[in-house]
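This chain uses plain numbering: 1 for the first residue, then up along the sequence. Just so it is clear, the structure is predicted and the values come from calculations on it, not from any experiment.
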Amino acid sequence: MKRKRIMITAAATILVVAGLAAWQLGSGGSTPTEGTAATVETAQKTTPSVWAERADLAQKELNSSFWNEDRGLFNNATPCIDQQCDNPFNYWWLAHAVDVLTDGYERTGDKQYVTQLDKLYQGLLKRNGGDFINDYYDDMEWMALAWLRAFDATGDKRYQEAAMTLWQDIQTGWNDEVGGGIAWRKSQTDYKNTPANAPAIILAARVYNHTKAAADLEWAKKLYDWQKSHLVDPDTGLVWDGINRQGDGAVDKNWMFTYGQGVFIGAGVELYQITKEQQYLDDARKTAGNLKKDFLSPTTDMLPFEDGGDAGLFKGILVRYIGELIQVDPTQKDLRQMLFTNADTLWADGKSEDKALFSNSWDQTPDEVVELSTELSGIMLLEQAVLAEKEK
């Protein structure tokens with residue numbers, strides 16, 4: 001049953017404070033000396049916001065409930081049952097785990113995140129047969145985006161090299177079937193979709209920021225033009241999922257997912273920041289403005305339930321790129337409030353009573369088994385709430 005409470009309960013507040021203290025002590029932190037005015041004053045100045053406290057607790061839960069030290073990977077779910085821990089190998093979920101760890105490190109500067117990124121890098125290499133190449137172009141794009149961010153945050157050149165190697169392979173996915181675009185996977189070259197093209201725009205633009213090579217920017221623009229002309233409703237900005245999935249040249253206009261909106265918004269933001277061409281920002285605003293019509297609850301402003309498995313990541317991807325739009329365009333007050341509404345409700349109603357484990361539906365109690373994809377989405381929302389708070 002849905003509950004519409006927005007304010008955090010007293011019990012949850014106690015959980016936040018107690019859990020944060022445990023996290024600080026576990027990472028070598030210390031508490032202020034009682035009775036020392038200067039120390040208390042310093043503590044008051046440096047006390048993190050409630051959103052940072054919640055994000056810390058969620059990151060801590062990710063580590064304690066999902067991390068498998070023996071494999072150097074996060075388990076698929078908690079509780080972890082037999083072979084389901086690592087079968088199937090959810091490569092693209094783990095790419096978002098890299099992103100989430102990078103979020104935590106950028107926010108806190110805590111070197112524990114750097115250590116875990118290194119372990120995850122090695123665990124992924126081992127599990128994927130010694131490199132990061134994959135049959136699915138969209139999965140490789142997520143992995144490249146994640147390691148490029150990790151490189152920017154840590155300076156570890158292994159991560160940059162991984163991203164650049166992946167980018168070279170991703171470019172081979174472009175072909176002229178259905179007018180261009182990058183294929184979804186190597187064994188189905190005539191099926192083109194938003195998951196394989198919009199993240200590639202973001203990746204090409206970010207690679208350009210590193211290389212300053214005109215060819216990389218041209219890739220970003222070419223991909224953007226294809227995506228916009230084939231899979232975006234010109235009237236509303238709604239992003240459709242794909243074209244020619246069944247070999248009939250049809251666009252999947254009934255497949256409307258939150259992550260598709262998010263990656264097109266992110267693509268527009270990236271190209272606007274590089275080129276300063278207003279149309280890119282206008283496109284991102286248009287797609288974001290359509291969320292209220294096609295995705296948000298008209299009564300609560302909550303994002304929709306989209307199931308578990310891969311779909312558990314969809315809302316997290318959207319809010320990440322909504323957050324980036326807000327940073328570029330601070331006038332987006334409705335979007336900022338939407339983030340806070342969803343984050344408040346997640347914490348009050350979509351979290352386990354005694355743990356920072358989250359639900360696929362951000363206003364309902366989680367299932368007994370929580371999947372990694374779902375947990376990562378919840379953490380992404382909290383991390384974006386921290387950033388949105390700073391933009392006030």
Side-chain angles (χ1 to χ4, degrees), residues 1-16 19 50-51 53-67 74-81 84-85 90 92-94 96-97 99-100 103-104 256-259 261-262 291 295-320 322-323 337-386 388:
M1 181 181 296
K2 292 187 178 181
R3 295 173 291 163
K4 298 181 180 178
R5 293 185 295 107
I6 297 299
M7 298 300 293
I8 186 171
T9 64
T13 303
I14 294 170
L15 173 64
V16 168
V50 67
W51 292 115
E53 291 175 351
R54 293 171 181 177
D56 273 337
L57 286 173
Q59 292 272 9
K60 178 175 179 287
E61 192 66 53
L62 175 67
N63 185 62
S64 62
S65 291
F66 291 88
W67 180 250
F74 290 101
N75 290 328
N76 287 335
T78 187
C80 178
I81 303 171
Q84 295 176 8
C85 295
N90 285 303
W92 85 286
W93 296 12
L94 292 163
H96 289 282
D99 252 335
V100 162
D103 290 336
M256 304 182 301
F257 303 114
T258 52
Y259 77 99
Q261 319 312 302
L291 291 173
F295 294 93
L296 297 179
S297 165
T299 56
T300 65
D301 248 12
M302 291 299 296
L303 288 163
F305 167 77
E306 290 176 291
D307 213 346
D310 287 342
L313 275 166
F314 290 179
K315 291 194 293 289
I317 292 168
L318 171 62
V319 297
R320 178 178 297 285
I322 285 292
Q337 185 55 52
M338 183 271 288
L339 282 182
F340 288 136
T341 295
N342 277 263
D344 264 321
T345 304
L346 171 72
W347 198 260
D349 297 335
K351 181 180 73 63
S352 294
E353 184 176 349
D354 59 347
K355 292 183 178 181
L357 292 172
F358 304 119
S359 173
N360 295 319
S361 179
W362 286 348
D363 58 1
Q364 294 185 7
T365 303
D367 295 332
E368 183 177 345
V369 175
V370 175
E371 293 180 291
L372 175 63
S373 56
T374 299
E375 184 72 3
L376 292 171
S377 268
I379 299 173
M380 284 188 259
L381 175 59
L382 297 175
E383 292 285 5
Q384 288 306 313
V386 176

Criterion side chain to side chain contact (heavy atoms under 4.5 Å, CB included) on Asp301 and Phe340, from CA distance to verdict: CA-CA 10 Å; Asp301 248 12; Phe340 288 136; over 6 Å; no
Can Leu318 and Leu291 be said to form a side chain to side chain contact (heavy atoms under 4.5 Å, CB included), step by step? CA-CA 10 Å; Leu318 171 62; Leu291 291 173; 4.2 Å; yes
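Considering CG of Leu62 and CG of Leu376, their distance stands at 6.0 Å, rounded to 0.5 Å. Taken from CG in Leu381 to CH2 in Trp51, the straight-line distance is 7.0 Å, to the nearest 0.5 Å. How far CG of Asn360 is from OG of Ser373: 6.5 Å, rounded to the nearest 0.5 Å. Between the CD1 atom of Ile81 and the CG atom of Asn75 there is a distance of 11.0 Å, given to the nearest 0.5 Å. To the nearest 0.5 angstrom, Gln261 atom CD is 14.0 Å from Lys315 atom NZ. In this structure, CD1 in Ile379 is found 13.0 Å from NE2 in His96, a value given to the nearest 0.5 Å.
Residue Phe257 comes nearest to Phe295 through the heavy atom pair C-CE2, 3.8 Å, listed as atom of the first residue, atom of the second, then distance. Shortest non-hydrogen contact noted between Ala58 and Ala356 is CA-CB, 3.9 Å. Minimum heavy-atom separation, Glu306 to Ala311: O-CB, 2.7 Å. For the pair Gln59 and Val100, the tightest heavy-atom approach, listed with the atom from each and the gap, is NE2-O, 2.9 Å. The minimum heavy-atom distance between Gly350 and Pro366, with the atom names listed, is O-CG, 3.6 Å.
By the 4.5 Å heavy-atom criterion applied to side chains, Lys60 and Asp56 are not counted as neighbours. Using a 4.5 Å cut-off on side-chain heavy atoms (C-beta onward), Trp362 and Thr374 make no contact. Leu296 has its side chain within reach of Leu303: a pair of non-hydrogen atoms, C-beta onward, lies under 4.5 Å apart. Contact of the Gln337 side chain with the Thr341 side chain is registered, since non-hydrogen atoms from C-beta on lie closer than 4.5 Å. Counting heavy atoms from C-beta outward, Leu382 and Phe358 have side chains that approach closer than 4.5 Å. In this structure, the side chains of Val319 and Asn342 stay at 4.5 Å or more apart for every pair of heavy atoms. For the pair Asn90 and Phe74, the minimum side-chain heavy-atom distance is 4.5 Å or more. Contact annotation: the side chain of Leu346 never approaches that of Lys351 to less than 4.5 Å [non-hydrogen atoms, C-beta and beyond].
Side-chain atoms of Ser377 come within 3.5 Å of backbone N or O of Gly316 as a donor-acceptor pair. Remark: the backbone N or O of Gln364 is paired with a side-chain donor or acceptor of Ser359 at under 3.5 angstrom.
At a cut-off of 3.5 Å, with distance as the only test, a side-chain donor of Asp310 or Trp93 sits close to an acceptor on the other residue.
Results of the side-chain contact (heavy atoms from CB on, under 4.5 Å) test with Leu372 over Leu313, Thr78, Leu94 single out Leu94 as the only residue that passes.
Annotation: salt bridge (Lys or Arg N to Asp or Glu O under 4.0 Å) contacts involving residues 365-376, sequence neighbours excluded, are absent.
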